[in-house]
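Everything on this sheet refers to the single structure shown next.
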Amino acid sequence: MCGIIAYSGKKNAVEIIIKGLKRLEYRGYDSAGLACIENNLLTIHKKKGRVLELESYVKNSNLQSGIAMGHTRWATHGSPNDTNAHPHTNTAQTISIIHNGIIENYEALRKELQNKGYKFRSETDSEVFVHLIDHIYQQQQCDIETATRMALSHIVGAYALVVMSQDEPDTLIAARKGSPLVIGIGDGEYFLASDATPIVEYTQKVVFLNDFEIATINSNGLHIKDSSNIPLSPLVQQIELELEAIEKGGFEHFMLKEIFEQPLSVHNAMRGRIQSHSGKIVLGGLRDYIDKLAQADRIIFLGCGTSWHSALVAEYFFEEYCRIPVEVEYASEFRYRNPIIRKNDVVIAISQSGETADTLAAMEIARDKGALVLGICNVVGSSIARNSTAGCYLHAGPEIGVASTKAFTAQLTVLFLVALEIAQKKETIKEDALKTIMTELESIPAKIEKALQLDAQIKYISSIFKFARNFLYLGRGFNYPVALEGALKLKEISYIHAEGYPAAEMKHGPIALIDEQMPVVFIATKDSSYEKIISNIQEVKARKGEIIAVVTEGDRQLTSLTDHLLEIPATHESLTPLLSVIPLQLMAYHIAVMRGCNVDQPRNLAKSVTVE
Ligand code: G6P
């Protein structure tokens with residue numbers, strides 16, 4: 001949801017900004033822009049469309065500057081066009097801002113500023129920032145840092161903000177509340193960005209800016225203060241992000257690369273957490289809270305999108321192995337209810353990005369009501385990670401494709417380990433059963449590898465169904481959330497309408513949709529629901545639906561009942577989602593590519609949803 005990058009140093013800042021915007025494009029891609037200061041003159045360059053449009057737009061200007069900032073936008077207020085693109089400037093074009101987030105009181109501020117004579121050019125909420133800073137700057141005759149600080153005190157909402165001013169041509173001011181901002185510290189140079197991806201090729205030394213902090217970068221270096229102007233000492237951290245991890249590595253799309261990375265990412269998610277010699281599971285991040293988890297009266301999972309689907313799968317195995325009641329909540333719904341939280345409830349927030357605004361807000365409500373709030377995130381140092389009392393990282397590596405794939409399987413792996421650690425503590429699982437599952441879990445990466453070999457067959461099936469207008473995905477038990485996830489993948493990137501349903505619920509509605517035009521994907525692996533799902537397959541067959549079934553390797557029983565069989569390796573029932581989702585990810589991918597869709601950056605979607 002909007003990407004921010006800024007640079008100050010000896011290199012050509014404009015080149016760094018363009019390169020950085022390309023790395024951040026997965027966060028927003030409807031328009032892009034940059035501001036730089038050349039010969040003491042602030043200039044703005046912005047273009048509707050992808051970063052490539054901006055790049056070719058500025059190419060001939062041969063901009064040379066040691067200080068610049070750029071923004072890639074995901075529209076919230078106002079349509080994607082050149083005017084609404086960031087940076088925005090004051091009327092005199094001497095102050096410029098880039099902003100990620102939402103200003104909730106922008107209507108009131110806009111009116112106030114208009115009454116003072118300010119003319120607005122864009123339809124964005126962000127533009128009020130720059131006029132407000134300008135107004136305070138003129139009135140108070142102060143420096144730009146003070147004007148920014150004072151302006152922020154009028155803002156209700158979320159922001160990651162960078163300000164540049166022609167009057168202070170070596171200065172970058174940055175502030176955050178609710179939207180992420182990382183500061184990179186290089187050799188005589190500084191970077192500001194929404195996440196570390198555009199920074200890692202220059203430096204691994206970073207400072208994560210906290211809410212209500214303001215950073216100033218100028219010839220005196222980096223200074224961070226709180227909102228009351230009290231200086232703070234920055235906590236410099238070393239990030240372990242490799243450049244290769246954020247490049248396509250020979251794959252046509254990030255999504256395909258990330259699907260094929262799953263044997264490794266699942267392996268990394270469990271690495272060091274299963275002690276085979278002692279038969280124990282140890283999640284370091286939860287060490288001090290495992291007793292509290294084991295004594296929980298209830299576990300509430302919070303998440304959005306794919307992370308919510310992971311929670312749904314987790315509900316099955318937490319109840320099965322830990323015998324703790326589980327509730328799975330959409331963070332966006334939870335935060336606006338008056339949820340009942342009891343003393344022994346534990347809340348676990350699940351998020352790939354660690355920045356989802358609804359999840360963050362829901363966590364806050366749970367904490368205010370007295371719950372222990374834990375986090376399971378992929379992005380190290382993200383807001384959710386920092387706002388949780390404790391938690392675990394996924395270690396899946398950066399996920400750039402907007403449609404989540406490897407984060408889903410890594411989430412399942414980590415959640416599974418958490419459940420088993422609790423079960424081990426509570427002794428709700430027998431030792432030999434635990435050993436069997438753990439051994440099976442360790443074999444999952446190799447089995448994912450095998451499932452990935454279905455790629456060519458799936459490509460062929462995709463070519464048959466690429467023009468379908470609707471798809472239905474059905475599963476039962478552990479595979480019901482996988483059906484939801486399969487449908488989500490397809491609609492996200494191919495724009496085909498797809499619904500996921502618990503297979504038995506089909507007869508209460510979706511069955512009315514079935515005819516020879518309707519492809520129905522069944523997840524029908526050999527598990528405790530197998531016989532039941534065969535009946536559901538028959539119901540679809542009787543109505544001439546086209547059946548694609550994900551089945552367990554060697555299953556011949558379904559050959560005559562289905563049109564296409566996708567065989568995945570056999571595994572322990574509760575681990576099936578780690579394998580059954582693979583063909584669904586691949587099918588969504590191939591169909592989207594065949595329909596000419598932009599797989600990594602599907603329309604209207606963003607990777608990191610930092611607005612509610
Ligand atoms: C967006 C992304 C999804 C993701 C969801 C939740 O909608 O496009 O892929 O599942 O946000 O994001 P989170 O980072 O909290 O898992």
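Index from 1, following the sequence. Numbering of ligands and ligand atoms starts at 1, following listing order. Note that the coordinates shown come from a computational prediction; the quantities given were computed from them, not determined experimentally.
When every heavy atom of Ala503 is checked against every heavy atom of Arg476, the shortest pair comes out as CB-CG, 3.6 Å. The two residues Pro445 and Pro263 make their nearest non-hydrogen contact at CB-O, 3.3 Å.
Between Val609 and ligand 1, not a single N/O pair is under 3.5 Å apart. Considering backbone and side-chain N/O atoms, Val402 comes within less than 3.5 Å of an N/O atom of ligand 1. Between Gln411 and ligand 1, not a single N/O pair is under 3.5 Å apart.
Evaluated for a ring pair (Phe, Tyr, Trp, His ring centres under 6.0 Å) with Phe301, the options Phe318, Trp308, Tyr330 yield exactly one hit, Phe318. For the salt bridge (charged side-chain N to carboxylate O under 4.0 Å, His left out) test with Lys406, the passing option among Glu258, Glu261, Glu399 is Glu261; the others fail. A side-chain hydrogen bond (donor to acceptor under 3.5 Å, both in side chains) with Gln262 is found for exactly one of Gln585, His267, Glu449, namely Gln585.
For atom 16 (O) of ligand 1, the nearest protein heavy atom (residue, atom name, distance) is Ser307 OG, 2.6 Å. Given atom 15 (O) of ligand 1, the protein heavy atom at minimum distance is Thr356 OG1, 2.4 Å. Nearest to atom 5 (C) of ligand 1 among the protein's heavy atoms is Cys304 O, 4.0 Å.
Interface of Ser404 with ligand 1, defined as ligand atoms under 4.0 Å from a residue heavy atom, comprises 9 (O). Residue Thr306 has at least one heavy-atom neighbour below 4.0 Å for each of these atoms of ligand 1: 10 (O). Within the listing of ligand 1, atoms 13 (P), 14 (O), 15 (O), 16 (O) sit less than 4.0 angstrom from a heavy atom of Ser351.
Taking OG1 from Thr409 and CD1 from Ile444, the interatomic distance works out to 10.5 Å, rounded to the nearest 0.5 Å.
In this structure, the side chain of Asn105 engages the main chain of Val156 through a donor-acceptor pair within 3.5 Å. Glu499 places no side-chain N or O within donor-acceptor distance of the main-chain N or O of Phe471, the cut-off being under 3.5 Å.
With a heavy-atom cut-off of 4.0 Å, Ala407 does not touch ligand 1 at all.
Heavy-atom distances between Ala606 and ligand 1 reach below 4.0 Å in at least one pair.
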